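Just below is one structure, and these are the notes that go with it.
No experiment lies behind these values; they were computed from the predicted model shown.
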Amino acid sequence: MFLAKLIFYILYFYSIVFIISHIFIITGIIISFKREKAADASASEKAYGSNIKAHPLKVSVIIPARDEAETLPALLESLACQSCSIYEIVLINDRSRDNTLEVMKKYQEKSQGLIKIIDNKNISDGKNPKQAALALAEDVAIGDIFLYTDADCHVPKDWVLNMLKPFGDDKVGLVFGTVTVNKGKTLLEKFQQYDHLLRYHYTVACAGLNIPTGGFGNNLAVRRTALLEAGGFKELEYSVTEDAQLIAKIRNSGKWKIVAQTSLKSMVNTTPVKSWKELYDQELRWSTGAMHAPDIAAKAGYGYIMYQLLTGVAVFIPAFFYPQLFLIFFTGIVSMLSVSITYGIHLKLEKSFWLTLPLSLFIAQFLFPVVTLIATFKPGIYWKGDKL
């Protein structure tokens, strides 16, 4: 009986600490919001906003693609409409089994020298395959800023400009931006919008508190100098989430600032997965990467949040017999709700987001911790036919 009471009080104490910690998380998000506004103001003062051609930094947009013949054209068309000039686009054909390479060559022919193509036919040696593909660009791209996205994404017309603005501060080494699934129609698509934005804004909070632990690799910009000093993707330790590992390595150098962009102007729209099974596989890949990351800060931060949610799930059934346990269950929902409301207001998200938010929160409360529990045991992870 004493032991049961002790466990109960420990869980209560942890839940209270968890809620209080979200005050700091919201504070970190707001700090990132303000930093972005300050970077916008600074860029305007330097005339970057009014005179794009005056911007001194050359941008290399780097895009890895495997079996993306259908999605790549939309991305390249959106890059052709950018308000900010791009120095070069480096396309990496990563062992595609469809006609991705032919699509790349077609756009290269009419790009007037803007597009470079790397045709990778080699299986990675001891690295995450995507990490190995990205490393190839480091010997080809010559811009001052390397700006990364994926072939199944679409970018707004001011994407390059807004991802570039923070680099007006010479101490900024890396910038990561928002990724979402916009205007989803089905519950699956709407949940993915919620999922992407929720996960992203936890990383926004960490960046705001100057302890960046992750970001999305399909919306990431890094100063060439900072990347090469870190050894590039080729020197990273193995990780399923190579983007988070790059952020950790640049952070640990102690030399560079890492900031987050949070506005719609820098938000990348990614193609949603088409089934709940694919969503599960994606969640498992992300969770495994976080739970087994070489970076202790990323691992600890992710585990702190997810194991609290897992505790809430564990007490859900017992709470019907001991109602006081519902407080522990609702701790996770209230905490995620606070983050969701913060970014929902900031981004002025559409009505449908708010209408489906309660259901999204409930799904996340069960999906996230269950997937995390499975990821704890380091299951085999596959991505596009490759074992990671």
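The two residues V204 and A260 have their closest heavy-atom pair at CG2-CB, 4.0 Å. For the pair T213 and R251, the tightest heavy-atom approach, listed with the atom from each and the gap, is CA-NH1, 4.0 Å. In terms of heavy-atom proximity, T71 sits nearest to E68 at OG1-OE1, 2.6 Å. Smallest separation of non-hydrogen atoms from P64 and L134: CG-CD2, 3.8 Å. Taking each heavy atom of D40 and K265 in turn, the nearest pair found is OD2-NZ, 4.0 Å. Nearest heavy-atom pair across V140 and L136 is CG2-O, 3.9 Å.
No chain of hydrophobic side-chain contacts below 4.5 Å, direct or via other Ile, Leu, Val, Met, Phe, Trp or Tyr residues, connects L310 to I19. Cluster annotation: I247 is not connected to I211 through the hydrophobic network of ILVMFWY side chains, with a link wherever side-chain heavy atoms come within less than 4.5 Å. Under the 4.5 Å side-chain contact rule for hydrophobic residues, L367 and L198 share a cluster. Linking Ile, Leu, Val, Met, Phe, Trp and Tyr residues whenever their side-chain heavy atoms come within less than 4.5 Å leaves I26 and L209 in two separate clusters. Note: the hydrophobic cluster containing L187 also contains V273 (ILVMFWY, side chain heavy atoms under 4.5 Å, direct or indirect links).
No hydrogens or angles considered: a donor-acceptor pair under 3.5 Å links the side chains of E88 and S60. If you check the side chains of E229 and S253, you find no donor sitting under 3.5 Å from an acceptor. At a cut-off of 3.5 Å, with distance as the only test, no side-chain donor of T241 or D243 sits close to an acceptor on the other residue.
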Distance-only donor-acceptor hits, side chain of residues 369-379, under 3.5 Å, sequence neighbours excluded:
unit_1, atom_1, unit_2, atom_2, d
T372, OG1, F368, O, 2.8
T376, OG1, Y307, OH, 2.6
T376, OG1, T372, O, 2.8

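Taking 4.5 Å as the limit, some side-chain heavy atom of L279 sits within range of a side-chain heavy atom of Q192. Inter-residue side-chain proximity for R223 and I145 is flagged as met; some heavy-atom pair is nearer than 4.5 Å. Taking the side chain as every heavy atom from C-beta outward, L161 and Q82 never approach each other to under 4.5 Å. Contact annotation: the side chain of I117 approaches that of L101 to within less than 4.5 Å [non-hydrogen atoms, C-beta and beyond]. Taking the side chain as every heavy atom from C-beta outward, K249 and E235 approach each other to under 4.5 Å. By the 4.5 Å heavy-atom criterion applied to side chains, P73 and L76 are not counted as neighbours. The shortest side-chain heavy-atom distance between L357 and W354 falls under the 4.5 Å cut-off. Two residues are said to be in side-chain contact when any heavy atoms from C-beta on lie closer than 4.5 Å; I25 and T342 fail this criterion.
Remark: F353 pairs with Y343 by the ring-ring contact (aromatic ring centres under 6.0 Å, His included) rule, at least two apart or across chains. Residues meeting the ring-ring contact (aromatic ring centres under 6.0 Å, His included) test with W256, sequence neighbours left out: none. With sequence neighbours excluded, the residues that form a side chain to side chain donor-acceptor pair (under 3.5 Å) with D119 are N93. Qualifying salt bridge (Lys or Arg N to Asp or Glu O under 4.0 Å) partners for E77, counting only residues two or more places apart in sequence or in other chains: none. A search for salt bridge (Lys or Arg N to Asp or Glu O under 4.0 Å) contacts involving K171 returns nothing, not counting sequence neighbours. Applying the ring-ring contact (aromatic ring centres under 6.0 Å, His included) test to F146 and every residue at least two apart in sequence or in another chain returns nothing. Residues passing the salt bridge (Lys or Arg N to Asp or Glu O under 4.0 Å) test with D152: none are found, sequence neighbours excluded. For R95, the salt bridge (Lys or Arg N to Asp or Glu O under 4.0 Å) partners two or more places apart in sequence, or in a different chain, are D386. Partners of H346 under the ring-ring contact (aromatic ring centres under 6.0 Å, His included) rule, at least two apart in sequence or in another chain, are F33.
Under the 6.0 Å distance and 45° angle rule, K110 counts as a cation-pi partner of Y107.
Other residues, nucleotides and ligands place more than 12 heavy atoms under 6.0 Å from the NZ atom of K234. More than 12 heavy atoms of other shown residues, nucleotides or ligands fall within 6.0 angstrom of atom CG in L355. More than 12 non-hydrogen atoms from other residues, nucleotides or ligands lie less than 6.0 angstrom from CD of E102.
Of the charged side-chain nitrogens involved, at least one lies within less than 4.0 Å of a carboxylate oxygen, so that D195 and R199 count as a salt-bridged pair. No salt bridge links R35 with D169; every basic N to acidic carboxylate O contact stays at or beyond 4.0 Å. D295 has no carboxylate O lying under 4.0 Å from a charged side-chain N of K299, or vice versa, which leaves the two without a salt bridge.
A donor-acceptor contact shorter than 3.5 Å is absent between the side chain of E36 and the backbone of Q261. Judged by distance alone, the side chain of S111 and the main-chain N or O of I115 form a donor-acceptor pair under 3.5 Å. Side chain of T180 to backbone of N269: no donor-acceptor contact under 3.5 angstrom is found. Side-chain atoms of D144 come within 3.5 Å of backbone atoms of K58 as a donor-acceptor pair (strictly under, hydrogens ignored). At least one donor-acceptor pair closer than 3.5 Å links the side chain of T149 to the backbone N or O of N218.
Rounding to the nearest 0.5 Å places CG of N128 at 4.5 Å from CD of E242. Put simply, CD1 on I305 and CE on M336 are 10.0 Å apart, with the number rounded to the nearest 0.5 Å. Summarising the geometry, atom CG belonging to L227 is positioned 9.0 Å from atom CG belonging to L174; distances are rounded to the nearest 0.5 Å. D150 CG to I63 CD1: the interatomic distance, rounded to the nearest 0.5 Å, is 9.0 Å.
Ring orientation note: the planes of F18 and Y304 are tilted relative to one another, at an angle of 30° to 60°. Note on ring orientation: taking the six-membered ring where Trp is involved, the planes of F326 and F329 are perpendicular (angle over 60°, cut-offs 30° and 60°). Note: W276 and F191 have tilted aromatic rings, judged against thresholds of 30 and 60 degrees for the angle between ring planes. The aromatic rings of Y200 and F216 sit tilted, their planes meeting at an angle between 30° and 60°.
Y302 has its ring centre no less than 6.0 Å from the ring centre of Y202.
For residues 313-340, no pair satisfies side-chain hydrogen bond (donor to acceptor under 3.5 Å, both in side chains), with sequence neighbours left out.
Think of Y87 as one node in a network of Ile, Leu, Val, Met, Phe, Trp and Tyr side chains linked at under 4.5 Å; its network also takes in I142.
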